[in-house]
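In each ligand, atom 1 is the first atom listed, and ligand 1 is the first ligand listed. The analysis underlying the following values was restricted to heavy atoms, covering all of them including side chains, and did not include hydrogens, waters or symmetry mates.
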Amino acid sequence: MLILTLALVQGAFAFPWVANVQGVDSSILKRSALLERDTPDCPFNPNHQPAAPVTSKYPYNNAKDGKPGNGKGGYLVPAPGDTAHEFRKPNSKTDIRGPCPGLNAAANHGFLARDGITTYNELVDAQQNLYNVGYDLANLLAIAGVGLDGDLVGTGKLSIGCDATSRTASTGNLLADELGLNGHNHFEADASLTRNDYFLADGDNYRWNATLFTQMLEYCQGNCNLEALSKYREARYYQSVADNGNFFFGPGSLLLYGAASFLYELMPTAGGTADEATMMSFFGADKVNGEYVWNGGERIPPNWRARVEPYDNNKVGTQIIEMYLMNPVLFGGNVGRNNFNGLNFSTYIQDGKLNTDLGDNALCLIYQALTGGFPSQLGQVINLPVALVNAMAAEIAPMAENLGCPLNHNSGSSVSGG
Ligand code: HEM
Ligand SMILES: *[C@@H]1O[C@H](CO)[C@@H](O)[C@H](O)[C@H]1NC(C)=O
Ligand SMILES: *[C@@H]1O[C@H](CO)[C@@H](O)[C@H](O)[C@H]1NC(C)=O
């Protein structure tokens, strides 16, 4: 009888339980053990150029150096005349792209380094200047991204796709294992909108998939709103339960509901809807003879304006919980196809079911998942150094406190939640 006592962020604990189960592919474990560095053929730019900074002529939200900007959207992006932020197709030899259409678009427009080796500050600035993401949410996502997949404690660098550890880690740090955003079950997870499950596609969990994109737009019927995406996410979940013997859907998967809300909160032009043309542009799709095809790069639509009010932690927390509760599914994992086992997590999840009196606390659950209720078990699989976990916890704790979340004992805050 399999006992699932999952207690940490899915990245850290996705596979300890699977590892000991017969017939389950635990090859993911080997990678960490060997500490291989750099994906073979990961694009390489010998002449790395950082993101194009905002200027007094083209200020956008005037967000610079990781500091808060104005938080006032409504402006055109790119600003007319601002060639530094024009669209340029990525070069597959030099430019890394990955599972996140929002960051791929940002890199294609120079809001992040065009070669896809970015930094914490670039991420925080770009999200504010391009999308008018609130400063708190911009930091939360940067902490999760750089913390789980890059170098949060040292260089602050992150590959937005394949493993480029030799370029993201500090020189001489031979132990660093920084997978980039493609890293499976760190931030990237199963049942994505337009990306394959890792184990279903030989590790291609990051490219745009035409079949999935077409399916998504069928659910949307011209408007990728809350209701449509809730139904589509549910459908993707049951596809994974049926097809993917290694399917894992942990507490961190709630982040995927947040990403789905970006389709109607961040991608439409200010005041607009998440219509087909907008989705095609941000997901890098053209239509040829009635079929969607990859066009080589995620792009900001013409005459596009950033949303007027910032999209912040409170707002995304509300969308996550609404989207989830419209079509709730169990948390847990498959041990073989169509053999789903629910998990327990903290006070939030019992036998795979989310506490329905959770209210607005979706973000509290995510905070707890990211910071780990039981730090002694962290590092078992992905070898997150304790210093890193503490750094993430210390940065996230004040945000969690603002939302009134009970804090972990290792949160780095003086307020103890036990
Ligand atoms: C530091 C900031 C960010 C990081 C580290 C990040 C990272 C990621 C990662 C790792 C995924 C893959 C999750 C999965 O498995 O489905 C993802 C998905 C996604 N992200 Fe981001 N993201 C960030 C900001 C943004 C922004 C600002 C947008 C807004 C346009 C965005 C839009 C999306 C969407 C729509 C998806 C779902 C794609 C799909 O499932 O096909 N992200 N992001
Ligand atoms: C989860 O908790 C319930 C109630 O405490 C328990 O009956 C169940 O066996 C637990 N499930 C797992 C997978 O640990
Ligand atoms: C795209 O997704 C479909 C449905 O999951 C799958 O059958 C197909 O193999 C995927 N295509 C690629 C190129 O990965």
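Contact atoms of ligand 1 toward Leu263: 35 (C) (distance under 4.0 Å to a heavy atom of the residue). Each of the following atoms of ligand 2 lies closer than 4.0 Å to a heavy atom of Gln350: 2 (O), 3 (C), 4 (C), 5 (O).
Taking the ring pair (Phe, Tyr, Trp, His ring centres under 6.0 Å) definition, one finds that Tyr238 meets it with nothing, sequence neighbours left out. Residues satisfying the side chain to side chain contact (heavy atoms under 4.5 Å, CB included) criterion with Asp82, sequence neighbours excluded, are Tyr58, Tyr60, Ala79, Ala84, His85.
Less than 6.0 angstrom separates the ring centroid of Tyr324 from the ring centroid of Phe331.
When only interatomic distances are considered, the shortest N/O to N/O separation between Asn196 and ligand 3 falls below 3.5 Å. Here's the thing with Gln127: none of its N/O atoms is less than 3.5 angstrom from an N/O atom of ligand 1.
Residue-and-atom listing of protein N/O/S atoms under 2.8 Å from atom 21 (Fe) of ligand 1, sorted by chain and number: Cys100 SG.
Judged by the 6.0 Å distance and 45° axis criteria, Arg195 is not positioned over the aromatic ring of Tyr206.
Ranking the protein heavy atoms by distance from atom 27 (C) of ligand 1 puts Tyr131 CD1, 3.7 Å first. For atom 15 (O) of ligand 1, the closest non-hydrogen atom of the protein is Ala189 N, 2.8 Å. The closest protein non-hydrogen atom to atom 41 (O) of ligand 1 is Thr194 OG1, 2.6 Å.
Contact analysis puts Asp351 in contact with ligand 2, with a non-hydrogen atom separation below 4.0 angstrom. Using a 4.0 Å heavy-atom cutoff, Gly342 is listed among the residues neighbouring ligand 2.
Between Thr194 and Phe283 the shortest side-chain heavy-atom distance falls below 4.5 Å. No side-chain heavy atom of Ile300 sits under 4.5 Å from any side-chain heavy atom of Phe87.
With a heavy-atom cut-off of 4.0 Å, Glu188 touches ligand 1 through backbone and side chain alike. Here Leu255 has no heavy atoms under 4.0 Å from ligand 1, in either its backbone or its side chain.
One option in Asn209, Asn205, Thr214 has a heavy atom closer to atom 3 (C) of ligand 3 than any other, and that option is Asn209.
In this structure, Lys315 places its NZ atom where more than 12 heavy-atom neighbours from other residues, nucleotides or ligands lie under 6.0 Å away.
Looking at every heavy atom in both residues, Asp197 comes nearest to Ser240 through OD2-OG, 2.8 Å.
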Side-chain donor-acceptor contacts of residues 287-298 below 3.5 Å, not counting sequence neighbours, with atom names and distances?
| from | atom 1 | to | atom 2 | distance (Å) |
| --- | --- | --- | --- | --- |
| Lys287 | NZ | Glu276 | OE2 | 2.8 |
| Tyr292 | OH | Glu276 | OE2 | 2.4 |
| Asn295 | OD1 | Gly297 | N | 3.1 |
| Asn295 | ND2 | Asp286 | OD1 | 3.1 |
| Glu298 | OE2 | Asn104 | ND2 | 3.0 |

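Note on Glu86 versus Arg88: salt bridge recorded, some NZ/NE/NH1/NH2 to OD/OE distance being below 4.0 Å.
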